[in-house]
Chemist: 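For reference, the structure I am asking about is given below.
Here, residue 1 is the first one in the sequence, and each next residue gets the next number. Hydrogens, waters and symmetry mates are skipped; everything else that's a heavy atom, side chains included, is used. The shown structure was predicted, so the numbers you read here are calculated from the model rather than taken from an experiment.
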Amino acid sequence: MSTDLFKETVGTSFIYRNRTVYELAMRGLYGRHYGARYRAIAGIVPDGASVVDVCCGPATLYSGYLRPKSVAYTGLDLNPRFIAQVARAGGHGEVRDLHLPAPLPEADYLIMQASLYHFLPEPAPIIDQMLAAARKQVIIAEPIRNLATSDNRILAGIGQRFTNAGDGAQAHRFTEATLDELIGGYASRVVERSLIAGGREQLFVLNA
């Protein structure tokens, strides 16, 4: 998707328009577990590996946790502002509409953090694309405790309204049960399953 088309997308939430606002929102959501969610992923990636970060956001994983490991990093995201952050951090970034069925760049590790819900109700194709592009492993970390699915209607409304990354409002989220069901289709590839970020996210590592 072009930069102009992204700018014309109606309803993009304000937290996706500014890195500082985005990071403040994430820190508020995860609290003292904010750093742990990134360290859990970075700890799997060895020094010098090549990485493709799918739906990379403002390159926080790279700039704060992977860059010191001298990885060859490529970030993919719909948001050109976030891709500009990748370039400023010293990585390679591509503006891309990941809903389109195009092959992903190959790398040792394909990573997706807290973005799989954007591909509901049919998330399997993006996982398949990641597995096809990974030479070693695919790492997926996804929230299973969400404001958008809160029993509190006010909190749920906030969670749904302010998480439009430019591809439309996302009313649905994963629970631990629904994420387990999805990844169960790849059971023969799963080498790690754990809860991270104080139990807010579920982490899976799949062999390519």
Side-chain angles (χ1 to χ4, degrees), residues 26 29-30 32-77 82 86 89 91-94 96 98-99 103-146 172-208:
M26 294 301 102
L29 181 62
Y30 286 94
R32 63 188 177 89
H33 301 293
Y34 173 81
R37 65 193 293 261
Y38 294 111
R39 288 192 295 270
I41 294 175
I44 299 169
V45 179
D47 291 0
S50 57
V51 171
V52 169
D53 191 357
V54 181
C55 301
C56 64
T60 303
L61 176 64
Y62 172 64
S63 59
Y65 301 87
L66 288 178
R67 185 169 56 185
K69 305 183 83 166
S70 300
V71 304
Y73 179 89
T74 297
L76 310 177
D77 204 279
F82 287 167
V86 173
H92 174 71
E94 296 180 19
R96 185 181 292 208
L98 291 155
H99 289 86
L104 299 174
E106 292 187 0
D108 297 331
Y109 294 85
L110 272 283
I111 297 172
M112 181 181 287
Q113 184 175 25
S115 295
L116 191 58
Y117 73 93
H118 285 294
F119 299 89
L120 288 169
E122 298 293 339
I126 190 66
I127 297 176
D128 294 340
Q129 290 179 53
M130 292 173 71
L131 286 167
R135 290 189 283 264
K136 294 184 178 179
Q137 291 182 324
V138 166
I139 303 169
I140 297 173
E142 185 70 11
I144 54 172
R145 291 165 49 196
N146 300 280
H172 301 290
R173 301 292 190 276
F174 284 98
T175 64
E176 186 171 1
T178 59
L179 189 57
D180 275 339
E181 181 180 4
L182 171 65
I183 302 300
Y186 303 90
S188 63
R189 296 178 179 267
V190 176
V191 294
E192 181 178 340
R193 174 194 181 278
S194 59
L195 294 175
I196 63 173
R200 185 175 291 277
E201 289 188 359
Q202 194 165 11
L203 173 70
F204 289 93
V205 181
L206 292 76
N207 279 337

Chemist: Do F119 and I127 come within less than 4.5 Å of each other through their side chains, counting heavy atoms only?
Modeler: no
Chemist: Take a 6.0 Å sphere around NZ of K136 and say whether it holds more than 12 heavy atoms from other residues, nucleotides or ligands.
Modeler: no
Chemist: For residues T74 and E94, report the shortest heavy-atom separation together with the two atoms involved.
Modeler: CG2-OE2, 4.4 Å
Chemist: So do the side chains of V71 and Y62 get within less than 4.5 Å of each other, counting heavy atoms only?
Modeler: yes
Chemist: Is it true that, when you exclude E192 itself, more than 12 heavy atoms of the residues, nucleotides or ligands shown sit nearer than 6.0 Å to its CD?
Modeler: yes
Chemist: If you define the side chain from C-beta out and look only at heavy atoms, does anything of F204 sit under 4.5 Å from L179?
Modeler: yes
Chemist: Kindly give the heavy-atom pair with the smallest separation between Q202 and D180, and that separation in Å.
Modeler: NE2-OD1, 3.0 Å
Chemist: What I'd like to find out is whether the side chain of D47 reaches to under 4.5 Å of the side chain of S70, using heavy atoms alone.
Modeler: no
Chemist: Taking side chain to side chain contact (heavy atoms under 4.5 Å, CB included) as the test, write out the residues that go with N207, two or more places apart.
Modeler: Q137, V191
Chemist: Can a donor-acceptor pair be found, under 3.5 Å and without considering hydrogens, that links the side chain of R145 to the backbone of G198?
Modeler: yes
Chemist: Could you tell me the separation between the CG atom of L66 and the OG1 atom of T60, rounded to the nearest 0.5 Å?
Modeler: 11.0 Å
Chemist: Is V190 close to L206 at the side-chain level, that is, under 4.5 Å between some pair of heavy atoms?
Modeler: yes
Chemist: Say you draw a straight line from CG of D77 to CZ of R96; how long is it, rounded to the nearest 0.5 Å?
Modeler: 11.5 Å
Chemist: Rounded to the nearest 0.5 Å, how far does CE of M112 lie from CG of L104?
Modeler: 8.0 Å
Chemist: With rounding to the nearest 0.5 Å, note down the distance linking CG in L61 to CD1 in I139.
Modeler: 8.5 Å
Chemist: Measuring from L182:CG to E142:CD, what's the distance to the nearest 0.5 Å?
Modeler: 9.5 Å
Chemist: Quick one, P105 and L76 - any side-chain contact, counting heavy atoms below 4.5 Å?
Modeler: yes
Chemist: Output the distance between atom CD (E201) and atom NE2 (H33), rounded to the nearest 0.5 Å.
Modeler: 11.5 Å
Chemist: Shortest non-hydrogen contact from L98 to I126?
Modeler: O-CD1, 3.9 Å
Chemist: Minimum heavy-atom separation for A89 and S63, please, with both atom names.
Modeler: CB-CB, 4.0 Å
Chemist: Please tell me if the side chains of Y109 and V205 come closer than 4.5 Å, counting only heavy atoms from C-beta onward.
Modeler: no
Chemist: Within the 4.5 Å heavy-atom criterion, are I44 and I111 side-chain neighbours or not?
Modeler: no
Chemist: List for me each residue that meets salt bridge (charged side-chain N to carboxylate O under 4.0 Å, His left out) alongside E106, sequence neighbours excluded, and say none if there are none.
Modeler: R135
Chemist: Please find the pair of heavy atoms, one from P123 and one from F174, that lie closest to each other, and give the distance.
Modeler: CG-CZ, 4.1 Å
Chemist: With distance as the sole test, does H99 use its side chain to make a donor-acceptor pair with the main-chain N or O of H118 at under 3.5 Å?
Modeler: yes
Chemist: Considering all heavy atoms of both residues, which atom of A59 and which atom of V86 are nearest to each other, and what is their separation?
Modeler: CB-CG2, 3.6 Å
